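Proteins come first, then strands; the chains are lettered A, B, ... in the order of their sequence lines, and each starts at number 1. Quick caveat: nothing in here was measured; it's all calculated off a predicted structure.
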4 protein chains.
Amino acid sequence: MSSVPPQDAAPAPVRTPGKRNAAATRQRILDVAMAEFSAHGFSGSRIERIAAGASANVGMIYHYFGNKDDLYLAALEASYKIIRDREQTLDIAHCDPRQALRALIELTFDFLATDPHFVRLIMNENLMMGRTAGRSATIPHMTRPLLEQLRTLLARGQKEKIFHREMDAENLYISILGLCFVHVSNRYTLGSMFQHDFAEPDWLARRKAIVVDVVTRSIVATPAK
Amino acid sequence: MSSVPPQDAAPAPVRTPGKRNAAATRQRILDVAMAEFSAHGFSGSRIERIAAGASANVGMIYHYFGNKDDLYLAALEASYKIIRDREQTLDIAHCDPRQALRALIELTFDFLATDPHFVRLIMNENLMMGRTAGRSATIPHMTRPLLEQLRTLLARGQKEKIFHREMDAENLYISILGLCFVHVSNRYTLGSMFQHDFAEPDWLARRKAIVVDVVTRSIVATPAK
Amino acid sequence: MSSVPPQDAAPAPVRTPGKRNAAATRQRILDVAMAEFSAHGFSGSRIERIAAGASANVGMIYHYFGNKDDLYLAALEASYKIIRDREQTLDIAHCDPRQALRALIELTFDFLATDPHFVRLIMNENLMMGRTAGRSATIPHMTRPLLEQLRTLLARGQKEKIFHREMDAENLYISILGLCFVHVSNRYTLGSMFQHDFAEPDWLARRKAIVVDVVTRSIVATPAK
Amino acid sequence: MSSVPPQDAAPAPVRTPGKRNAAATRQRILDVAMAEFSAHGFSGSRIERIAAGASANVGMIYHYFGNKDDLYLAALEASYKIIRDREQTLDIAHCDPRQALRALIELTFDFLATDPHFVRLIMNENLMMGRTAGRSATIPHMTRPLLEQLRTLLARGQKEKIFHREMDAENLYISILGLCFVHVSNRYTLGSMFQHDFAEPDWLARRKAIVVDVVTRSIVATPAK
DNA sequence: GATGAATGAGCTTTCATTCAT
DNA sequence: TATGAATGAAAGCTCATTCAT
């Protein structure tokens, strides 16, 4: 708010936020929509709340996104893009396979735990039986690099006899996902079972080590950890 | 109210139009409600659709369950009861810990995969931040026996030096749940990633073996599988 | 309002108007809808105004009629029924063909002029290119008796050498309709052309005689009127 | 505003982006508006659709015409002007009255049948109870020459004893209009009554002869046609 | 117990209109 | 002159809930 960049006498066209700035308005709507759909699911989300949250009005949402369904699609795609981009920051090909695996698990664990928006959107999308993801042209396209990383990782580890042969990329990924996802997706029902908050940083730190351990044990050929 | 049937010693279940089978109607509504909430989530579910599906009418739902929120609570509790009862059919205490662990994993895996209603209800409840589970008096009560089973299992395995010491009941359960839950909860988004149906029996059978293996490796003290 | 039927101690279930009376509510809605669609056309009509006019509420309209389109269809069909029923009160077969023709023209002229609702609905329907009449199952069915009347009339008149041969039922009907319809359908634009009101009873009376004369001259074989 | 092109002696029509052809844009909007109001009525017409159809934008419509009401008025007046101008091409005063009558009927018949836009606009205007025609200064002014033609025609025919005395210009015009208008205005409802298309050229040609005959018989004094 | 008519608030969506650029 | 972002009111429609019968 009060922290303005020190000297900024640049003649660049400074737009007042929310006034006559198409790209900015569109982005504000999209950001708020991601949060709204994540918080309330598709049916529970309210167009009017999104408009208000974006300091826009309902008509703008329809102007930029067409309808509620398409706004939801845009929010889903934008969410996928964030995690898929993050994964591509890992340099899988050039470090020790065991280290690379650990790095991938920790990145996934931290991403899902730190920003639960993504988990919630994915849950909601699955509850709707993939209705929207199935319509997306960009989502399948975004998953390819991740699969490449996994296959490279497994191939190198198996070539170096560090990993055993009986694990494929799909099963490895699903194990990682399941172990990184469930305490976020089931945070509240687990919480009422075990009577503590599964978003606590201390618990997450300990759990992250266990997840790395469980996955690593499941794949390493040599028993010595 | 005041019009009671004169002599109720009639042996055959005579249905007078004004007094049909109350318990049966209630149960029909509950069954349909479980399916409806599972299929559409809370917001997406329709009271009228539930009434129609149960061959009842809207008024009956309010008569028996009060309102939509309380109907949802009843459906959630009924769902939990089914899996918790199923788990109690296992005789954890009297067989080999490794076998007992395998049996628990397989029961969980099969239950979640066979009837996705439960998974969907849990997902929905978590999306609503446990709003309803938190109000339930019976759900926490139902989880105790399960935790007892897990602690017994771990204690026996550790005493017999089959399991190592660094695993507690909570972490073990969450690993099992995560690995049995994710391909059901994320069936559609995983499906569009890997381009096949994650409810296929063949895939499930192979995956079940892998899950048993992953969990077992994570806990056994002796490397020999 | 204050005029109650004198003695009415009958135990018949007297319904208070507008309260818990399905058939009456449905009819009230339909009556108001006919007036509304006639007054404002389809697009210009307001569901809420119809509800208010019928002392009902919007939900009831959707309960009984489904949506605006289907309510409009019901109103259109009900309107057609009125004129088609009226026409069937004529006894074409048993009186002098010339008298029968005059009676049919006068009935048509009076019906269209007296209650302009029908004319306006027909106009609106044609502006929508028969979108709704084309969907109706009952409207085509209702026109058959009218065509029968016209054919009977012509056949008798031609057999008796009163009418000449070169006129068919279709052309006769369209002439009658055009001459009875236009001063109602174009009441306002004609009014501003000729600077008087075309709904004035005196003008209508004189015009009716002219229409009978024009149609009769167009069909009689013998020039003597 | 203040930025005028430096020297405007340029011979070629150079289009600067900020100053395109104003009159042409206005005319394009008006043409599209006539079609839109004719096709959808006033309420059903969309400002945005008109703008798109005219390759203009919404702002231009407000710039040139003020608002939707005034645009509709302009479209109505432009439509009236077309038929009134066409009628004035007839040389009523100098040919045989019977031939002149026939020419007027055929011109009216053809004009209404060939371009149904006019009929539809008139219908719509009457459905709105002449709300807009009543505001127009030019429409009443445009009808005067037509009435003059009709009075001249009748006077000459009656003077020459070809027409009988009991027909005035108003009734004659309304008969002509009704018989030329109804198969266009009621094209669709008549179509569903008689199961054929009333815009078919063959049918129109036959009908036109009948209309000329009906009107002529209604006015000629001597029975021999 | 059972029915379904009735209610009212709230939802998504549309649209004429304004205005900064 | 021309553009299109922005606004606000209102439209059609849905739905949880109540209540007379």
Identify the nucleotide, in any strand shown, that forms a Watson-Crick or G-U wobble pair with dA11(F), with both distances under 3.5 Å; if there is none, say none.
dT12(E)

Of D69(D) and R26(C), whose nearest nucleotide on DNA chain E comes first from the 5' end?
R26(C)

Under 4.0 Å: is that the gap between some side-chain N or O of T25(D) and OP1 or OP2 of dT1(F)?
no

dT12(E) OP1/OP2 closer than 4.0 Å to side-chain N/O of R46(A)
yes

Paired nucleotide for dT3(F) [Watson-Crick or G-U wobble; both distances under 3.5 Å]
dA20(E)

What is the distance from CD1 of I29(C) to P of dA5(E), rounded to the nearest Å?
11 Å

Taking only side-chain nitrogens and oxygens of N57(C), does any of them come within less than 4.0 Å of OP1 or OP2 of dT7(E)?
yes

Rounding to an integer number of Å, can you tell me how far I61(D) CD1 sits from dC15(E) P?
14 Å

Looking only at heavy atoms, the pair that brings Y72(D) and N124(D) closest together is OH-ND2, 3.4 Å

Taking atom P of dA9(E) as reference, at what distance in whole Å does atom CD1 of I47(B) sit?
19 Å

Where the side chain of A22(A) is concerned, which of dT1(F), dA5(E), dA5(F) is the nearest nucleotide?
dA5(F)

Whether Y62(D) contacts dC19(E) is assessed here as follows: a side-chain N or O lying under 4.0 Å from the phosphate OP1 or OP2. Is that the case?
no

Value rounded to 0.5 Å, distance of NE2 in H40(A) from CZ in R46(A):
8.5 Å

Between dT7(E) atom C1' and Y64(C) atom OH, what is the distance in whole Å?
13 Å

What is the separation between atom NZ on K68(A) and atom C1' on dT13(E), rounded to the nearest whole Å?
12 Å

Within a strict 4.5 Å, meaning less than it, do heavy atoms of the I61(D) and V58(D) side chains meet?
no

Within 45° of the six-membered ring axis of F42(C) and under 6.0 Å from that ring's centre, is NZ or CZ of R131(C) located there?
yes

Round to the nearest Å and state the distance from R49(A) atom CZ to dC11(E) atom C1'.
11 Å

Rounded distance in Å - CD (E48(D)) to P (dA16(E))
8 Å

Counting only N and O atoms by type, is there a donor-acceptor contact under 3.5 Å from the side chain of E125(D) to the main-chain atoms of A133(D)?
yes

Go through dC13(F), dA2(F), dT3(E) for me and flag the one nearest to the M60(B) side chain.
dT3(E)

Spacing of N57(D) atom CG and H63(D) atom NE2 [to the nearest 0.5 Å]
11.0 Å

Categorize F65(C) for me: base, sugar-phosphate, or nothing, with a 4.0 angstrom heavy-atom threshold over every strand shown.
nothing

Using OP1 and OP2 only, check whether a side-chain N or O of H63(D) sits under 4.0 Å from dT1(F).
yes

For S45(C), answer base if it contacts any base atom (sugar-phosphate contacts may also be present), sugar-phosphate if it contacts only those atoms, and nothing otherwise; contact means non-hydrogen atoms under 4.0 Å.
sugar-phosphate

Judged by nearest nucleotide, the residue sitting upstream toward the 5' end of DNA chain E, G66(A) or G59(B), is G59(B)

Without decimals, in angstroms, what is the distance between I50(C) CD1 and dC13(F) C1'?
14 Å

Identify which nucleotide among dT14(F), dT12(E), dT1(F) has an atom closest to any side-chain atom of V58(C), counting heavy atoms from C-beta outward.
dT14(F)

